[in-house]
Chemist: 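Quick one: the structure is below, questions incoming.
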Amino acid sequence: MEKWLFQKKYVRLVFFLYLVAVIKVIIFKYPWEQMKEIAATWEKEVIFEGLDTANFTLFKTIRMYIDYSYKLNSFENLVGNVVVFIPFGFLLPYVVKWGRNFLVMLLNALLFVTGIEVFQLFSAFGAFDVDDILLNTVGAILGYLAYLAFEAVRKRHPQKNKS
């Protein structure tokens with residue numbers, strides 16, 4: 001039991017560091033000086049500009065990446081948006097007991113991803129894209145499926161006590 005508590009503390013730390021890294025990579029991706037310049041422009045017009053450039057149409061960006069895959073870094077964008085959230089779905093069930101419930105994990109992933117996208121919409125530190133919400137959530141679901149698979153294997157092959 002003590003070993004599990006010891007490990008759980010480290011899993012929580014890894015999850016926290018993961019969340020910080022995601023926020024840094026997605027929201028605060030620009031150099032500090034550029035972020036200060038962007039923040040200096042924050043007025044009503046910036047918010048309205050964000051609304052003009054936002055994608056609220058599901059599959060619009062995904063379709064564009066597929067249609068122009070020969071020109072754009074489509075694979076990196078599509079796969080990257082999925083892969084970056086796999087750890088969320090995998091680690092959340094280990095961090096909090098209620099995270100083992102699929103719907104709870106899904107809701108938490110949706111809230112986190114949507115929060116990031118809404119922040120980008122109003123801050124000009126990125127662009128709101130509903131397809132990012134979809135792809136990131138798919139990543140969290142894949143992470144949760146990996147958690148279920150890992151737990152199934154772990155329960156079938158328990159480690160022998162080394163007492």
Side-chain angles (χ1 to χ4, degrees), residues 11-12 14-96 98-152:
V11 172
R12 285 184 173 163
V14 167
F15 187 68
F16 173 76
L17 292 173
Y18 159 76
L19 293 177
V20 170
V22 166
I23 291 168
K24 166 67 176 117
V25 168
I26 294 176
I27 295 178
F28 301 110
K29 58 186 160 247
Y30 304 115
W32 180 248
E33 290 302 317
Q34 189 175 355
M35 287 176 29
K36 283 182 11 184
E37 288 174 18
I38 292 169
T41 66
W42 285 352
E43 294 176 1
K44 274 195 302 188
E45 291 77 27
V46 172
I47 294 171
F48 292 128
E49 186 179 306
L51 289 170
D52 287 341
T53 61
N55 172 32
F56 294 102
T57 307
L58 197 57
F59 299 111
K60 180 179 178 182
T61 304
I62 294 171
R63 195 175 307 114
M64 178 194 66
Y65 280 135
I66 292 169
D67 290 345
Y68 296 100
S69 60
Y70 60 94
K71 287 185 180 180
L72 305 172
N73 54 347
S74 303
F75 182 79
E76 293 87 355
N77 281 306
L78 293 173
V79 173
N81 270 308
V82 172
V83 169
V84 75
F85 276 87
I86 289 174
F88 189 97
F90 184 82
L91 293 172
L92 186 67
Y94 292 110
V95 173
V96 287
W98 43 262
R100 296 175 190 154
N101 179 302
F102 174 76
L103 291 177
V104 170
M105 182 286 303
L106 183 63
L107 179 62
N108 277 274
L110 275 170
L111 288 172
F112 184 57
V113 170
T114 303
I116 289 172
E117 290 298 318
V118 169
F119 183 82
Q120 288 180 322
L121 176 66
F122 294 117
S123 71
F125 283 164
F128 178 94
D129 192 336
V130 72
D131 287 340
D132 286 350
I133 295 172
L134 173 66
L135 293 168
N136 294 161
T137 304
V138 166
I141 292 168
L142 290 175
Y144 184 80
L145 293 174
Y147 154 77
L148 291 177
F150 180 77
E151 283 300 304

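Nothing here was measured: the structure is a model prediction, and the numbers come from that model. Excluded from the calculations below are hydrogen atoms, water molecules and symmetry mates; all remaining heavy atoms, backbone and side chain alike, are included.
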Chemist: Taking salt bridge (charged side-chain N to carboxylate O under 4.0 Å, His left out) as the definition, give me every residue that meets it alongside K71, ordered by chain and number, with sequence neighbours left out.
Modeler: none
Chemist: Between V95 and F16, is a side-chain contact (heavy atoms from CB on, under 4.5 Å) present by the stated rule, with each step listed?
Modeler: CA-CA 10 Å; V95 173; F16 173 76; over 6 Å; no
Chemist: Would you confirm whether the ring centroid of F122 sits within less than 6.0 angstrom of the ring centroid of F128?
Modeler: no
Chemist: Hey, does Y18 have a side-chain heavy atom less than 4.5 Å from the side chain of F85?
Modeler: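 Touching, per the 4.5 Å side-chain cut-off.
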Chemist: For atom NZ of K60, is the number of surrounding heavy atoms from other residues, nucleotides or ligands below 6.0 Å larger than 12?
Modeler: no
Chemist: Under a plain distance cut-off of 3.5 Å, with no hydrogens placed, do N73 and N77 share a side-chain donor-acceptor pair?
Modeler: yes
Chemist: Using modelled atom types only, decide if a donor and an acceptor are shared between the side chain of N101 and the backbone of V104 within a distance under 3.5 Å.
Modeler: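 Yes; judged by distance alone, with no hydrogens or angles, the pair exists.
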Chemist: Nearest 0.5 Å please: distance from the CD atom of E151 over to the CZ atom of F90.
Modeler: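 Between E151 CD and F90 CZ, I get 7.5 Å after rounding to 0.5 Å.
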Chemist: Report yes if the side chains of V14 and L91 come closer than 4.5 Å at any heavy-atom pair, otherwise no.
Modeler: yes
Chemist: Under the ring pair (Phe, Tyr, Trp, His ring centres under 6.0 Å) rule, collect the residues that match up with Y65, sequence neighbours excluded.
Modeler: none
Chemist: Tell me if a side-chain donor or acceptor on Q120 pairs with a main-chain N or O of D129 at a distance below 3.5 Å.
Modeler: no
Chemist: Does a side-chain heavy-atom distance below 4.5 Å link L19 with F112?
Modeler: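 Yes, at least one pair of side-chain atoms sits under 4.5 Å.
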Chemist: Please report the shortest heavy-atom distance between M35 and F28, naming the atom on each side.
Modeler: CE-CD2, 3.2 Å
Chemist: Taking the inter-plane angle between the rings of F150 and Y94 on a 0 to 90° scale, is it parallel (under 30°), tilted (30 to 60°) or perpendicular (over 60°)?
Modeler: perpendicular
Chemist: Contact between N108 and W98 at the side-chain level, heavy atoms closer than 4.5 Å - yes or no?
Modeler: yes
Chemist: Would you be so kind as to tabulate the donor-acceptor pairs closer than 3.5 Å made by side chains of residues 141-148, with sequence neighbours excluded?
Modeler:
unit_1 : atom_1 : unit_2 : atom_2 : d
Y144   : OH     : R100   : O      : 2.4
Y144   : OH     : F102   : N      : 3.4

Chemist: Within the side chain of D131, is there an N or O that forms a donor-acceptor pair under 3.5 Å with the backbone of I62?
Modeler: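 Yes: the side chain of D131 pairs with the backbone of I62.
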Chemist: For the residue pair G99 and P93, what are the closest heavy atoms and their distance?
Modeler: O-CG, 3.5 Å
Chemist: Got a second to check how far N55's CG is from D132's CG, nearest 0.5 Å?
Modeler: 8.5 Å
Chemist: List the steps, then state whether side-chain contact (heavy atoms from CB on, under 4.5 Å) holds for V82 with L78.
Modeler: CA-CA 7 Å; V82 172; L78 293 173; over 6 Å; no
Chemist: Quick one: CD on E117 to CD1 on I133, what's the gap to the nearest 0.5 Å?
Modeler: 5.5 Å
Chemist: State, to 0.1 Å, how close L121 and A54 come at their nearest heavy-atom pair, and which atoms those are.
Modeler: CD1-CB, 3.7 Å
Chemist: Under the 3.5 angstrom rule, does the side chain of N81 hit a backbone N or O of N136 as a donor-acceptor pair?
Modeler: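 Pair absent, no side-chain N/O of N81 close to backbone of N136.
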Chemist: For A140 and A109, which heavy atoms make the closest approach, and how far apart are they?
Modeler: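 The pair with the smallest heavy-atom distance is CB-CB, 3.6 Å.
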Chemist: I need the T57 OG1 to M64 CE distance, nearest 0.5 Å.
Modeler: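 Reported value, rounded in 0.5 Å steps: 12.5 Å.
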